[in-house]
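In what follows, a structure is listed as structure tokens, so that the remarks can point back to it.
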Amino acid sequence: MPGFEIFGAEERKQVNEVLETGILMRYGFDSLRNNHWKAREFENAFAKRMGSQYCQLVSSGTAALTVALAAANIGAGDEVIMPTFTFVASFESILALGAVPILVDIDDTLTLDPQAVEAAITPKTKCVMPVHMCGSMADLNALRAICDKHHLILLEDACQALGGTYEGKCLGSIGDLGCFSFDFVKTITCGEGGAVITNNKQYAQHADHYQDHGHDHIGNDRGAENHPFMGYNFRISELNAAVGLAQLDKLDGILKIQKENYSILREAIEGIEGVTFRRVPAGGEENYSFLNFFLPNEELTQKAHKALSEAGVDGCFYWYTNNWHYISGWGHLKNLKSLGDLPSEVIGQMQDLNNTDFSKSDAVMGRTISSLIKIGWTEKQVKERAKLMAKTIGQTLKE
Ligand SMILES: Cc1ncc(COP(=O)(O)O)c(C=O)c1O
């Protein structure tokens, strides 16, 4: 995902405004900051762009998930349903609060299978966390209906799907809370950063206080502020926020180029017999950060993945065997490896992940290849890539 591809004069200007004052912190120092409030400005602009009432910037996407869960009062022993295909931040953030990640199968949307979600609900379930992997989304209407029926919180992890939409609304703005990452390889970047969005005033207030040691941010004397409850430090710095502010202005341009490049690649391979695509739920529009496709079986997919790499088509991911994004590679989670003792609720309630049947997820992930989409490609480069992808995949399927 390409924010870093377009780092330029606009980002430098924003950062220099902060450097000129030397006030790198988002709170306080009112008389010294020459009226620069980059984090606040980014929050207002991002909330507006996402069509959400409130935005809280934080230090990372992982922090955003942790703060969002905490803001929704999730704590020890509460179960949070999450998919088998995601980034490790999902279970890290849940475990950080003493809550219990419950992993369930994905379907051909590459995220939560609503039936698997419903089957996993227990009296301890508090939250359902779809992760909109690789630019597209979960079946949000189905998940919303399940959450409403069982009085659960719907928390969207939209870290990889910024700018995608569902029934005309931005991903992340549909659930009770939505989370984003602005790390260095996301659609827009702050270097490191993240955001929580919500339309719930109480969650917004919780997030505001929680990410800054519980400060209530009333008045302009930080030392005199009250702490209605405990929090931590998940603050973003003004330097990171300044970069993000410049990047946000470029978001629509990024999405446009992504869609153009994605369309060229997709067109080139969609006629090949045996190639199908990840299902985008009706009413959804991807952000086009990846082209995700399926081949007929695991063996052919592994062969094609190897052949693409050997042919010089870079950036094609086979998540099924990498250590970062799929349950099969997470020995440390399966075996609950932690530095200190985990809360007793976690030890008592965790699934036995070494022996849970995720064959439905395996059947999808074993057949999935994702090609990244760069925005720096020239038209000629995309067309050459498209041709090479089509030739390589076509040959593999014919052999
Ligand atoms: C789906 C998803 N969620 C959460 C995160 C965590 O974001 P960060 O790296 O900013 O902590 C990532 C980062 O890759 C991600 O892809």
Side-chain angles (χ1 to χ4, degrees), residues 1-4 39 42 46 55-70 80-97 101 103-104 106 109-112 127-138 140 143 154-164 170-172 174-175 177-197 207 211 232-237 239-241 243-244 247-248 278 286-290 292 315 317 319 322-327 329-330 333 361 365 368 370 372-373:
M1 291 167 273
F4 71 88
F42 186 6
F46 193 71
C55 169
Q56 178 65 54
L57 280 183
V58 289
S59 51
S60 71
T62 311
L65 291 167
T66 312
V67 169
L69 289 165
V80 179
I81 295 177
M82 56 164 275
T84 51
F85 177 48
T86 178
F87 180 64
V88 287
S90 311
F91 61 77
E92 289 168 350
S93 56
I94 298 166
L95 286 170
L97 294 163
L103 277 76
V104 306
I106 57 157
T109 60
L110 296 187
T111 185
L112 291 176
C127 176
V128 175
M129 184 196 281
V131 183
H132 304 313
M133 289 297 280
C134 304
S136 181
M137 72 227 66
L140 283 166
L143 294 179
L154 181 62
L155 193 167
E156 292 177 77
D157 178 340
C159 290
Q160 291 196 10
L162 173 61
C170 287
L171 295 177
I174 295 149
L177 298 129
C179 293
F180 298 88
S181 162
F182 307 122
D183 73 23
F184 196 55
V185 289
K186 291 299 183 289
T187 303
I188 63 171
T189 185
C190 292
E192 299 285 358
V196 179
I197 59 171
Q211 57 85 42
Y232 290 92
N233 178 0
F234 292 115
R235 292 187 307 260
I236 195 162
S237 85
L239 284 174
N240 296 89
V243 177
Q247 290 255 306
L248 186 58
R278 172 239 199 104
E286 307 181 55
N287 82 348
Y288 304 103
S289 54
F290 286 89
N292 306 284
F317 298 96
W319 311 109
N322 92 4
N323 279 346
W324 272 28
H325 293 90
Y326 188 58
I327 177 70
W330 296 331
L333 174 65
S361 302
M365 291 315 298
T368 304
S370 305
L372 61 66
I373 306 289

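Please read these numbers as outputs of a predicted model, since none were measured by experiment. Values below: every heavy atom of this structure, side chains too, minus hydrogens, waters and symmetry copies. Just so you know, ligand 1 is whichever comes first in the structure, and atom 1 is the first atom listed for that ligand.
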* Asked: Are any non-hydrogen side-chain atoms of Asp157 and Pro130 less than 4.5 angstrom apart?
  -> no
* Which one holds for Ser60 and ligand 1: side chain close, backbone close, both close, or neither close, with close meaning a heavy atom under 4.0 Å? -> both
* **Short side-chain donor-acceptor distance under 3.5 Å, Thr84 and Ser361** => yes
* To do: Return the set of residues passing ring-ring contact (aromatic ring centres under 6.0 Å, His included) with Phe87 (not counting sequence neighbours), or none when no residue passes.
  => Trp324, His325
* Is Phe46 close to Leu248 at the side-chain level, that is, under 4.5 Å between some pair of heavy atoms? -> yes
* Best match, Phe85, Phe87, Trp324: closest heavy atom to atom 12 (C) of ligand 1 -> Phe87
* Can you find a pair of side-chain heavy atoms, one from Val80 and one from Cys127, that are under 4.5 Å apart? -> yes
* Check whether any N or O atom of Thr62, backbone or side chain, sits under 3.5 Å from an N or O atom of ligand 1, and answer yes or no. => yes
* Hey, is the main chain of Cys134 close enough, under 3.5 Å, to the side chain of Gln160 for a donor-acceptor pair? -> yes
* Does some side-chain heavy atom of Phe42 sit less than 4.5 Å from a side-chain heavy atom of Asn240? -> no
* Asked: Which of the numbered atoms in ligand 1 are below 4.0 angstrom from a heavy atom of Asp183?
  -> 8 (P), 9 (O), 10 (O), 13 (C), 14 (O)
* **Cys159 N/O to ligand 1 N/O under 3.5 Å** => no
* Asked: Under a heavy-atom criterion of less than 4.0 Å, does Thr86 contact ligand 1?
  -> no
* **Residue part near ligand 1, for Asp157, under 4.0 Å between non-hydrogen atoms** => side chain
* Asked: Numbering the atoms of ligand 1 from 1, which are under 4.0 Å from a heavy atom of Val131?
  -> 1 (C)
* **Atoms of ligand 1 close to Ala89 [distance to a heavy atom under 4.0 angstrom, numbered from 1]** => 4 (C), 5 (C), 6 (C)
* **Best match, Gln160, His325, Glu92, Lys186: closest heavy atom to atom 14 (O) of ligand 1** => Lys186
